[in-house]
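What follows is a short report on a single structure.
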Amino acid sequence: MHDVIIIGGGPAGLTAGLYTSRARLKSLLIEKGLTGGTVTITEWIENYPGFEEGVAGTDLARKMEQQATKFGLEITQGTVIRISFNGNIKKVILEDGQEIESKSVILASGGHPRKLKIEGEDEFRGKGVSYCATCDGAFFKGAKIAVIGGGDSAVQEGLFLTKFAEVVYIVHRRDNLRAEKILQDRAFSDPKIKLVWDSVPEKIEGDEKGVTSLLVKNVKTGELTSLEVEGVFIYIGFDPNTEFLAGTANLDENNYIITDENLATSAPGIFAAGDMRSKITKQIATAVGDGAIAAIAAEKYIEDNFKK
Ligand code: NAP
């Protein structure tokens, strides 16, 4: 019997694990992929406190993992498909049939990149279509590429891609960016970045070698333009990984999990932290704050509901 099972190994989950392990709670973190979550696909992070020059996403993830496991957090790989209850004991059910019991659960399973759902997106995935500049950017040395979106991810990763590409088109559906002002200033002053305003991608075209062009439509004029590009990087936000929670705890209209201020969900003894939670901010700094709050709340829940 575990005291706490943490589902998801991004900054929220790893911070929760650090706190619960230091509280001497028997803690298991279950992660389906690489520990670190979306941090590991972020090339460079400049707004996480404590790193005045910035820090590589992979380094930050590794440091968080090492710090948590040093205090006893156990990490295992697996995909959670369901949570069920036996009185106030939670049973976490994995895809491989394992069932692991725990007094409390902290959900921190983050999200996955949203898809454009246009022709060519699936066909050319891995052949020019990518959702990860850190992973695939280096394949585009001297090439022209398009980045879709106008948020922090699109602009930040677009700037990173100028290291390799000759031209980076940022295709955005409105006429002003959503990204942080400091990122906007950098994009506007970078000669390799060309903003394509008021435009939405219509179709990704290519041949047996991969992507050759992106057809975009101006939403104000209806005009269609073909951008000759070898890569299309899609950063239009993400959707929460909450499918496995259907019927377990209340979700909002966009499938984010609803919590109270102590990060308790509608299911007793189940807490949630990080990007899967219904809230405005999705930052590493806020995810680690969530992880700490959820861990302390889980500890209190165990003290109140289970005899020593
Ligand atoms: P986001 O902030 O939700 O931005 C998504 C962008 O894609 C928006 O500009 C949106 O346009 C556009 N978009 C959405 N659906 C579209 C569609 N179907 N077709 C074309 N364009 C579409 O997502 P994000 O940039 O991935 O960021 C997610 C969260 O992580 C945010 O809270 C962000 O602040 C945070 N984040 C922070 C940092 C950082 O602090 N440096 C870095 C990365 C991410 P509209 O603007 O018109 O809605």
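V216 is not listed as a side-chain neighbour of E202, based on a closest heavy-atom distance of 4.5 Å or more. At a threshold of 4.5 Å between non-hydrogen side-chain atoms, the residues T162 and I193 count as touching. With contacts defined as side-chain heavy-atom distances shorter than 4.5 Å, the pair L29/E31 qualifies. With contacts defined as side-chain heavy-atom distances shorter than 4.5 Å, the pair L159/D190 qualifies. Contact check for T79 versus L94: no side-chain heavy atoms found under the 4.5 Å cut-off. Using a 4.5 Å cut-off on side-chain heavy atoms (C-beta onward), V288 and Y19 make no contact. Put simply, the side chain of I204 does not reach to within 4.5 Å of the side chain of E119, judged on heavy atoms. Side-chain atoms of L28 and I6, non-hydrogen and from C-beta on, never get closer than 4.5 Å to each other.
A salt bridge links D290 and R277; the closest N-O separation between the charged side-chain nitrogens and carboxylate oxygens is under 4.0 Å. Under a 4.0 Å N-O distance rule, the pair K282/D275 does not qualify as a salt bridge. Between R186 and E46 there is a salt bridge, since a side-chain N of the basic residue sits under 4.0 Å from a carboxylate O of the acidic one. For the pair K115 and D122, the salt-bridge criterion is met [side-chain N within less than 4.0 Å of a carboxylate O]. A salt bridge links D3 with K103; the closest basic N to acidic carboxylate O contact falls under 4.0 Å. Salt-bridge formation is detected for the pair E205/K203: a Lys NZ or Arg NE/NH1/NH2 atom is positioned less than 4.0 Å from an Asp or Glu carboxylate oxygen.
Applying the ring pair (Phe, Tyr, Trp, His ring centres under 6.0 Å) rule to pairs touching residues 231-288 yields F140-F233, sequence neighbours excluded.
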Could you walk me through whether S226 and L214 satisfy the side chain to side chain contact (heavy atoms under 4.5 Å, CB included) test, starting with their C-alpha distance in whole Å, then the side-chain angles of each, then the deciding distance to 0.1 Å, before giving a yes or no?
CA-CA 6 Å; S226 179; L214 170 72; over 6 Å; no
Could you please spell out the steps behind the side chain to side chain contact (heavy atoms under 4.5 Å, CB included) verdict for K194 and I170?
CA-CA 6 Å; K194 313 255 179 265; I170 295 184; over 6 Å; no
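The closest donor-acceptor contact from the side chain of D59 to the backbone of V55 lies at 3.5 Å or more, if one exists at all. Under a 3.5 Å cut-off, the side chain of S213 and the backbone N or O of E228 do not form any donor-acceptor pair. Counting only distance, with no hydrogens or angles, the side chain of S266 and the backbone of N250 share a donor-acceptor pair below 3.5 Å. Side-chain N or O atoms of K192 include one that pairs as donor or acceptor with a backbone N or O of A165 at under 3.5 Å. With D152 contributing its side chain and E180 its backbone, the two residues share a donor-acceptor pair below 3.5 Å. In terms of modelled atom types and a separation under 3.5 Å, the side chain of T40 and the main chain of G37 share a donor-acceptor contact. In terms of modelled atom types and a separation under 3.5 Å, the side chain of E43 and the main chain of A133 share no donor-acceptor contact. Put simply, the side chain of D198 never gets that close to the backbone of N218: no donor and acceptor are under 3.5 Å apart. A donor-acceptor distance shorter than 3.5 angstrom exists from the side chain of D252 to the backbone of N255, with no hydrogens or angles considered. Under the 3.5 Å distance criterion, the side-chain polar atoms of T265 are matched with a main-chain donor or acceptor of I270.
When all heavy atoms of Y169 and V196 are compared, the pair lying nearest together is CD2-CG2, 3.9 Å. Of all the heavy atoms in Q283 and N47, the pair that sits closest is OE1-ND2, 3.3 Å. Scanning both residues, A179 and V155, for their nearest heavy atoms gives CB-CG2, 3.6 Å. In plain terms, the two heavy atoms of I257 and A249 that are nearest each other are CD1-CB, 3.9 Å.
Using modelled atom types, one finds no donor on one side chain facing an acceptor on the other under 3.5 Å when comparing S109 with N241.
Residue K32 qualifies as open at atom NZ: its count of foreign heavy atoms under 6.0 Å is 12 or below. Counting non-hydrogen atoms of other residues, nucleotides and ligands closer than 6.0 Å to CZ of R82 gives a total of 12 or fewer. Counted within 6.0 Å of CZ on R24, heavy atoms from surrounding residues, nucleotides or ligands total 12 or fewer; the atom is thus considered open. Heavy atoms from other residues, nucleotides or ligands lying under 6.0 Å from CD of E303 number more than 12.
In this view, D304 and K300 satisfy the side chain to side chain contact (heavy atoms under 4.5 Å, CB included) rule, not counting sequence neighbours. Residues meeting the side chain to side chain contact (heavy atoms under 4.5 Å, CB included) test with Q156, sequence neighbours left out: T42, L183.
V232 pairs in a side chain to side chain contact (heavy atoms under 4.5 Å, CB included) with only one of the listed residues (I118, V147, L227, I148), which is I148.
Atom CG of L224 and atom OG1 of T221 lie 8.5 Å apart (nearest 0.5 Å).
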